[in-house]
Undergrad: 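Okay, handing you the structure first.
Each chain gets a letter, A, B and so on, in the order the sequences are listed, and its residues count up from 1.
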2 protein chains.
Amino acid sequence: MSTTPSQRDLQKARTRRALLDAGLGLLKEQSLSSLGLREITRAVGISPAAFYRHFRDVSDLGVALVEESLGSLHEVIRSGLTEHTEDAERIDHLVGAIAAYVRAHPEHIRFVASERHGGVAAVRTAIAAELDRFAAEVARLLAEDEVSRGWSAEDLRMLGETYVDNMVMTASAFLEAAQGEGPASETVAHTARRQLRLISLGRRHWTTSGQISDA
Amino acid sequence: MSTTPSQRDLQKARTRRALLDAGLGLLKEQSLSSLGLREITRAVGISPAAFYRHFRDVSDLGVALVEESLGSLHEVIRSGLTEHTEDAERIDHLVGAIAAYVRAHPEHIRFVASERHGGVAAVRTAIAAELDRFAAEVARLLAEDEVSRGWSAEDLRMLGETYVDNMVMTASAFLEAAQGEGPASETVAHTARRQLRLISLGRRHWTTSGQISDA
DNA sequence: GCGTCCGGCACACAACTGTTTACTGAACCC
DNA sequence: GGGTTCAGTAAACAGTTGTGTGCCGGACGC
């Protein structure tokens, strides 16, 4: 039961959105640690002092952007992994979902990719935590496949991390493709599919002891 | 036949080094796009204007740092891949080499990791080019294994990229471990070894058509 | 209807930024 | 030894930055 938001709350939320959007937009061409508070407020059309009504810091705004960027991705991946069980089909679907997500939210992806190892500690930590939850979730989903019988929690976790790493790489490769900086989008998709296939194959032949079995 | 460098050339080279080192040091706590020219010269102890005797830009200095950071890595990996042929042994050696490299040049690794998707286009491009050469080299080396018989150039390339991606991820994970931000160093090594094992397994069971073979 | 809350404003502050200019003085070449 | 080259300097430039203060005015709760 949520109380109806007042006119004031609505307006406040609206400028908050504007600040987030403006920040995200400006981050196309620089990184968070060089993004100025005044720069943001100028883009929104409000006075610098008004910024403090919404965020303590620019890095505070950054942390808010992390949740926003990665929050909606969970659902996308969950459905991608549960709807299909056959490997090839699942891989195609997953890569397609990533491509679609990048097309829909390019700035968010760019933000995460560049700030994941960026200069602002608070944001870095927030992203790491989110991706961690993410890897755990993927591991949980993959644990339900028949192929995962007998896998230790540790190995499953490793598998989840491998998937997440790969997805992040793929997403940022799609992004570069979209802005003409790297190989074309289809090439990225092709490579991503085969990388996932490689991982899938390794997974099928994994032995719980971790030894590499003979062919 | 190289001419002996004059006293002046020597001194110039020395301050250039100082600029690069100072820049790298300052990048521990921020990203390149927010690194100030004056900040660097102040750290070195020269006047701001003197900076222009060595670099056009701060991003120009960044590009110089890319070569420096990634140049010496080639040799490390080449030896790591050629000295051993047996999978398990090779993987141990490779992960160990990465760990040692990170321990030896932590700032360089941090620089590459954070600027790879950072805000400065020129640097981003330089890193991408270097990693590209890198992936090609790994592919070339892996092509010589017996396991690679019948692999297409395209598949080999994909394999090389997978290796490089994994190595970059591992290196930056080691880095975070070293500064106490993520899981411990041994955990990282353990995960990295198993990820490489996973890839190795996939590689063994790869079929040229790209189909996933039955167990 | 009235007092309070509070998002946004204008203004001021000191500190900082990249870049240009004309210069000094030591190492250089012949 | 004398003229030239050139890394580094000092000073000035116009803009920029984050943050603090006091105030306004419309929406709010009662």
Undergrad: Compute whether any side-chain donor of one residue and acceptor of the other, for B:Ser33 and A:Gln30, lie under 3.5 angstrom apart.
TA: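 No, no side-chain donor-acceptor pair sits under 3.5 Å.
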
Undergrad: What is the distance, rounded to the nearest whole Å, between atom CZ of A:Phe51 and atom P of D:dG18?
TA: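 Taking CZ of A:Phe51 and P of D:dG18, I get 9 Å after rounding.
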
Undergrad: Using whole Å, report how far CZ of A:Arg42 lies from C1' of C:dC9.
TA: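 Between C1' of C:dC9 and CZ of A:Arg42: 17 Å.
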
Undergrad: Have A:His117 and B:Glu115 got a donor and an acceptor in their side chains that come within less than 3.5 Å?
TA: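 No.
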
Undergrad: Would you call the rings of A:His105 and A:Tyr101 parallel, tilted or perpendicular if under 30° counts as parallel and over 60° as perpendicular?
TA: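 Correct class here is tilted.
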
Undergrad: If only side-chain N and O atoms of A:Thr15 are considered, is one of them under 4.0 Å from the OP1 or OP2 phosphate oxygen of C:dG7?
TA: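 Checking C:dG7 against A:Thr15, no side-chain N or O comes under 4.0 Å of OP1 or OP2.
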
Undergrad: Consider only side-chain N and O atoms of B:Arg8 and B:Gln11, and report whether a donor and an acceptor are under 3.5 Å apart.
TA: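 Short answer, no.
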
Undergrad: Grab the CD-P distance between B:Gln11 and D:dT5 for me, whole Å please.
TA: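 In whole Å, D:dT5 P and B:Gln11 CD are 21 Å from each other.
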
Undergrad: Distance alone, cut at 3.5 Å: any donor-acceptor contact between the side chains of A:Ser31 and A:Ser114?
TA: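 No pair is found: no donor N or O on one side chain lies under 3.5 Å from an acceptor on the other.
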
Undergrad: I would like to know whether B:Arg133 and B:Glu130 meet salt bridge (Lys or Arg N to Asp or Glu O under 4.0 Å); could you show each step before the answer?
TA: CA-CA 5 Å; B:Arg133 291 203 314 138; B:Glu130 203 69 34; 2.9 Å; yes

Undergrad: Figure out the NZ/P separation between B:Lys12 and D:dT5, and round it to whole Å.
TA: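 Value for this atom pair: 15 Å.
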
Undergrad: Could you check how far CD of B:Glu39 sits from P of C:dG18, rounded to whole Å?
TA: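 From B:Glu39 CD to C:dG18 P: 8 Å.
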
Undergrad: A:Arg16 near the nucleic acid: base, sugar-phosphate alone, or nothing, with a heavy-atom cut-off under 4.0 Å?
TA: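 Result for A:Arg16 = nothing.
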
Undergrad: Base, backbone or nothing for each nucleotide of nucleotides 19-30 of chain D, written B, S, -, heavy atoms under 4.0 angstrom, 5' to 3'?
TA: BB-----BBS--

Undergrad: Tell me the interatomic distance from B:His54, atom NE2, to C:dT19, atom P, rounded to whole angstroms.
TA: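 Rounded to the whole Å, the gap is 16 Å.
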
Undergrad: To the nearest Å, give me how far apart CZ (B:Arg17) and C1' (D:dA7) are.
TA: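 Rounded to whole Å, this separation is 18 Å.
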
Undergrad: Roughly, in whole Å, what's the span from CG in A:Leu35 to C1' in D:dT16?
TA: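 Value for this atom pair: 14 Å.
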
